[in-house]
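First up is the structure itself, then whatever we jot down about it.
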2 protein chains.
Amino acid sequence: MIDDTRQRLIDAAGAIFAEKGYEAASVRDICQQASANIAAVNYHFGEKKSLYVAAVRHAQSCADSENPEMTWPADMSPVERLRAHILQMLQRKLEGDKPAWHLGIMLREMAFPTEACAAVVEDYVRPMANGMRAILLDLLGHDFPEEKGNMIGFSIVGQVLFYYVHQPVIRLLIGESAHDALTVQKLADHITNFSLAAMGLAPSLGHSTPTPPITTKAMT
Amino acid sequence: MIDDTRQRLIDAAGAIFAEKGYEAASVRDICQQASANIAAVNYHFGEKKSLYVAAVRHAQSCADSENPEMTWPADMSPVERLRAHILQMLQRKLEGDKPAWHLGIMLREMAFPTEACAAVVEDYVRPMANGMRAILLDLLGHDFPEEKGNMIGFSIVGQVLFYYVHQPVIRLLIGESAHDALTVQKLADHITNFSLAAMGLAPSLGHSTPTPPITTKAMT
DNA sequence: TCCTCAATCAAACACTTGTTTTAATCCGAT
DNA sequence: ATCGGATTAAAACAAGTGTTTGATTGAGGA
């Protein structure tokens, strides 16, 4: 059976782990949500912790398969690749078509790491970081200093992650309606334009010229 | 000292809550670290949850008193106020002279909120957000659209928080030595220059085109 | 001195936790 | 039909949880 109880356990566990954290999630709750017996988790995974890492690995393997390698058309300009990259990151996090726990459990792992964090970094974060670095190298020149490039990458990713990690704070801070008005497309355009302007590849924000979405070709 | 064990309990609780999270922290561990009896927490606070919110409130009251209201000299240019503000945020988080759990427990609360989150936002986040908004209004003009201003503020704060929230990921990603090379001063300069350039108030990163630093007053 | 009352302590409480055990069930191969 | 391995089920396990109890302390006031 594809719909094994083992898979049902991983799905239920991921959802509950992502929502309540590792310690607060009980195997009884997980088994009940998975319509499985209490002993099932120990039969299939041996112990609770193994079920947790199985859920994390499943989440990142799904994230891998759901996102088609981020391979952009070769004739796409670096600027447009950056724009598409930022939009995709935001969509992946805020437009939850897939089960929301896939990224929730990984963000929890990245903020308060357990032993599964290293695997997440290697299998999920590093490929994404390499993709970002490739774009930045095309944008800034391949002899750009590595440390500066790292910081620029962190500046971009930090902007994106902020809207996900601290979403509840933003809601409380600016109100529900103002938060709902921040659509993914609007956020992606802002972050892209903000970052491009910081790198000198687009007109700066700040002066209220109704800036149309920048679609300039990259300067090589 | 009037409330001896009560304060010891709050200190021990804050440290353990920040490190292990609410559920994983046991009152027995807390009482042992505080050299108090197991019944002390229930005698002084009634229940575990009240001790937690007491620790959170203590952390934010300390954060308030430790940071002298962020009142800059009146003749300081908005650009320099922004630079000082960013540096101060980073110092507060990464240069731990004070007990590290003061901000650790609040970041945990902001990322995965409990019922204490609203209080943290109102008493700690909102004043800081107002300070940031005041600087941005001086920088961009007091008739700047609110939503755009919010997003710019989030872009700046997101860059800062990234280095704290995802510090373990950064360590794994670029290595210990490269991470240690990212001093607070270096990060503050980068984030400030990056953000100023994005707003068109400083030369852009990316190319060494020495555009003279713009330190003009806000255009109204 | 006696009393009071807040504070501390050891012990036990009732409950949940993760895990194990043992028996029952399914299901394809013989 | 029968066997045997794989899976599920119910119950019990030991350990840990937050919380409560009731006794004990020790300083301050009448």
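Letters A, B, ... mirror the listed sequences (proteins, then strands); counts begin at 1. Hydrogens, waters and symmetry mates are skipped; everything else that's a heavy atom, side chains included, is used.
Computed from coordinates, the B/Phe45 CZ to C/dA6 P distance equals 17 Å when rounded to whole Å. If you measure from atom CG of B/Asp29 to atom P of D/dA15, you get 17 Å, rounded to the nearest angstrom. Spacing between atom CD1 of B/Ile38 and atom P of D/dT20 amounts to 14 Å, rounded to whole angstrom units. As a whole-Å value, the separation of A/Glu47 CD from C/dT19 P is 6 Å. Atom CD1 of A/Ile30 is separated from atom P of C/dT19 by 11 Å (rounded to the nearest Å). Rounded to whole Å, atom P of D/dT20 lies 14 Å from atom NZ of B/Lys48. Here the P atom of nucleotide D/dG18 and the CG atom of B/Leu9 are 13 Å apart, to the nearest Å. Going from atom OH of A/Tyr52 over to atom P of C/dT19 covers 15 Å, rounded to whole Å.
Among D/dA6, D/dT20, D/dG18, the nucleotide with an atom closest to any side-chain atom of B/Val27 is D/dG18. Picking from C/dT19, C/dT21, D/dT19 the nucleotide with the shortest atom distance to the side chain of A/Ala39 gives C/dT21. Among the nucleotides C/dT20, D/dA6, D/dT19, the one closest to the side chain of A/Tyr43 is D/dA6. Side-chain atoms of A/Ser26 lie closest to C/dT17 of the nucleotides C/dT17, D/dT21, D/dG18.
Between B/Phe162 and A/Phe162, the ring center distance fails the sub-6.0 Å criterion.
Of the possible donor and acceptor atoms, none in the side chain of A/Gln60 sits under 3.5 Å from a partner among the backbone N and O of A/Tyr124.
Checking the phosphate oxygens (OP1, OP2) of C/dA10, a side-chain nitrogen or oxygen of B/Asn37 falls inside 4.0 Å. Taking side-chain N and O atoms only, B/Thr5 has no distance below 4.0 Å to OP1 or OP2 of C/dA7. Side-chain nitrogen and oxygen atoms of B/His44 include at least one within less than 4.0 Å of the OP1 or OP2 phosphate oxygen of C/dT8.
Checked by distance alone, A/Arg28 brings a side-chain donor or acceptor within 3.5 Å of a matching partner on the base of C/dG18.
Of all heavy-atom pairs spanning B/Val56 and B/Ala116, the tightest one is CG1-CB, 4.4 Å.
Using a 4.5 Å heavy-atom threshold, the side chains of B/Phe45 and B/Arg6 count as touching.
Using a 4.0 Å heavy-atom criterion, one finds that B/Ala40 contacts no nucleic acid atom at all. Among the atoms of the strands shown, only primed sugar atoms or phosphate atoms (P, OP1, OP2) are found under 4.0 Å from some heavy atom of B/Ala25.
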inquiry  = One pair to check against salt bridge (Lys or Arg N to Asp or Glu O under 4.0 Å): B/Glu23 and A/Lys20. What are the steps and the verdict?
reply    = CA-CA 10 Å; B/Glu23 313 279 347; A/Lys20 321 213 294 186; over 6 Å; no
